[in-house]
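To keep things clear, I will list the structure first and then write my remarks on it.
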Amino acid sequence: MPYCVGLQSAATALLSAGFATQFTVAVVVFLAIILVTSSLQKEGVDEAKFLPGYSPFHIVPFFRRRYDFLNWGFHATGQSIFQFRLLRNTVIVVSGESARQAFFTAKGLDLTEGFKILSGAIPMVRGVTSDLQTRRIALIHKRLANVQRNLPLSSLIPHLLEDTRNAMEGWGSSGKFDPFDNVYELIFQLTIRSLSCSEIAEDPALVARLKVLYDTLDNGTTPATVLVPWLPTPAMIKKLWATKEIYEIVTHAISARERSGTSRNDTLQMLLDSGDEKLVVVGFIMGLLIAGARATGTTASWLMTFLGAHPEWRSKAAAEVEALLASYPYAPEVSPGSTQEGRPTRTPADASPPSLASRLGTIPLELWENETPVLDAIIRETTRVAQPHTAMRRNLGPELYINNKIIPTGAYVIYPFSDVHLDPELYPDPWKFDPGRKEVSHVPFGMSAGAEVSTLHCFS
Ligand code: HEM
């Protein structure tokens, strides 16, 4: 009886409370129901084992310390495949060679859907960067492939080198810096240069503002913003404002270019000349800026850090670039703005000695791509050791099996690249940075899985 009275008065109090209280109570009850139902999971015979001692707080490390969390999962379950719940979502983590092959070849496993819930730093605007029709995604990939053709890349090189020179001059020639700030910032500038337009790339205040906004998206990505994006948490509201501002900056730049009637030699111009819908152009720039800057920025920051700790590889890299310069002697000054058929045009010789950036800017793309085995090995080794990425998919159906474990329709599937990149059988002493190690090419989907797979997805 006292309980009934208590419940009744609680119900009356709730009904007479304001919207804010009712809303909060509704959210708490909803989450409680989810937690209770989630914790009652028991796997069937062909289901992957669940993480032991389920607690929703285990999920926080999934977002914050993913590599450690997944490793812990393999150890705690003693299995090569296990599963856990992210609120109502089932997530299945797979490893091993046959699982890897199945993961990367199964038709129903969708990358875009996987990224949507398990990532979160991409600014989401419905119809622009999220909920895109397959046709629109394919178009964005096609345009990205265009950017990477020889001609646009060759035209970009002098600009990228000039941007780099500017940034490095700002660093000075002595003292300390944190590569994860300074190098990341430089790569952000280079990504803007490569994927958007000169109006933004040449406005340092605007680039700095965009970096702050993308950092807001990145840092504001919490389990709550990804799993319950409709919940108006402060982080979610900040993310919404940041997304809105990024959208405005990008659309403003596009409209200004259109209004100016001037044609420039950059990615925005290529996109506009292709005649795509405006939303594709906006989606391309908004989505790819972060996709490109984040992975490339962390890779480059680690690369500098490794070179700092390995003077022998630093010397080898410097010797390779010097040999390249010697094999392609500098002839008069290069104007970064003007290019002709992919090669920089030369203006009359200037009395002042050319900057290193100008000298490097005259080296053709083919030489960078084919005559730099040391740089290639350093980049490959950095992506192996320093990028414990996970590939993420959602099974759009039908249900399938990986290593005899069922992957239901709607489930998310994860493959950690560390499974192969840090496998001591393939890479002895796997945490050691050693660009001189033998290339692993005999393992299916094995070598530099990240690069191989993203190339496959982005550029085919
Ligand atoms: C060091 C540099 C980079 C690394 C290590 C890297 C790594 C990755 C990885 C691991 C994936 C997921 C692949 C999968 O789940 O199968 C991915 C996807 C993707 N990356 Fe990169 N990436 C890099 C640079 C870039 C750049 C510069 C761009 C854009 C210009 C880019 C655009 C994308 C896109 C669009 C996807 C999704 C692919 C799809 O939708 O099919 N990435 N990347």
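When a ligand or atom number is given, it counts from 1 through the structure's own listing order. Each residue takes its place number in the sequence, starting with 1.
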Practice problem: Could you tell me whether H141 and ligand 1 have an N or O pair separated by under 3.5 Å? | Solution: yes

Exercise. Could you tell me whether some N/O pair between R393 and ligand 1 is separated by less than 3.5 angstrom?
Key: yes

Quiz item: Atoms of ligand 1 less than 4.0 Å from L144 heavy atoms?
Solution: 30 (C)

Self-check item: Sub-4.0 Å atoms of ligand 1 with respect to non-hydrogen atoms of F417
Solution: 10 (C)

Quiz item: With a cut-off of 4.0 Å, which atoms of ligand 1 are near a heavy atom of L288?
Solution: 35 (C)

Quiz item: Using 4.0 Å as the upper bound for N to carboxylate O, is an ion pair formed by R257 and E199?
Solution: yes

Quiz item: Any cation-pi pair here, R65 with F69, using under 6.0 Å and within 45°?
Solution: no

Quiz item: Is a salt bridge present between R384 and D423, judged by a nitrogen-to-oxygen distance below 4.0 Å?
Solution: no

Exercise. Before accepting this row, confirm whether a basic side-chain N of the pair K405/D46 lies closer than 4.0 Å to the acidic partner's carboxylate O.
Key: no

Exercise. May I ask you to list the atoms of ligand 1 that are less than 4.0 angstrom from any heavy atom of T299?
Key: 1 (C)

Quiz item: So does D376 pair up with R380, basic N to acidic O under 4.0 Å?
Solution: no

Self-check item: W241 six-ring centre to K244 NZ/CZ under 6.0 Å and within 45° of normal
Solution: no

Quiz item: Which is closest to atom 23 (C) of ligand 1 by heavy-atom distance: A291, A295, A386, A391?
Solution: A295

Quiz item: Relative to ligand 1, is T112 under 4.0 angstrom through side chain, backbone, both or neither, heavy atoms considered?
Solution: neither

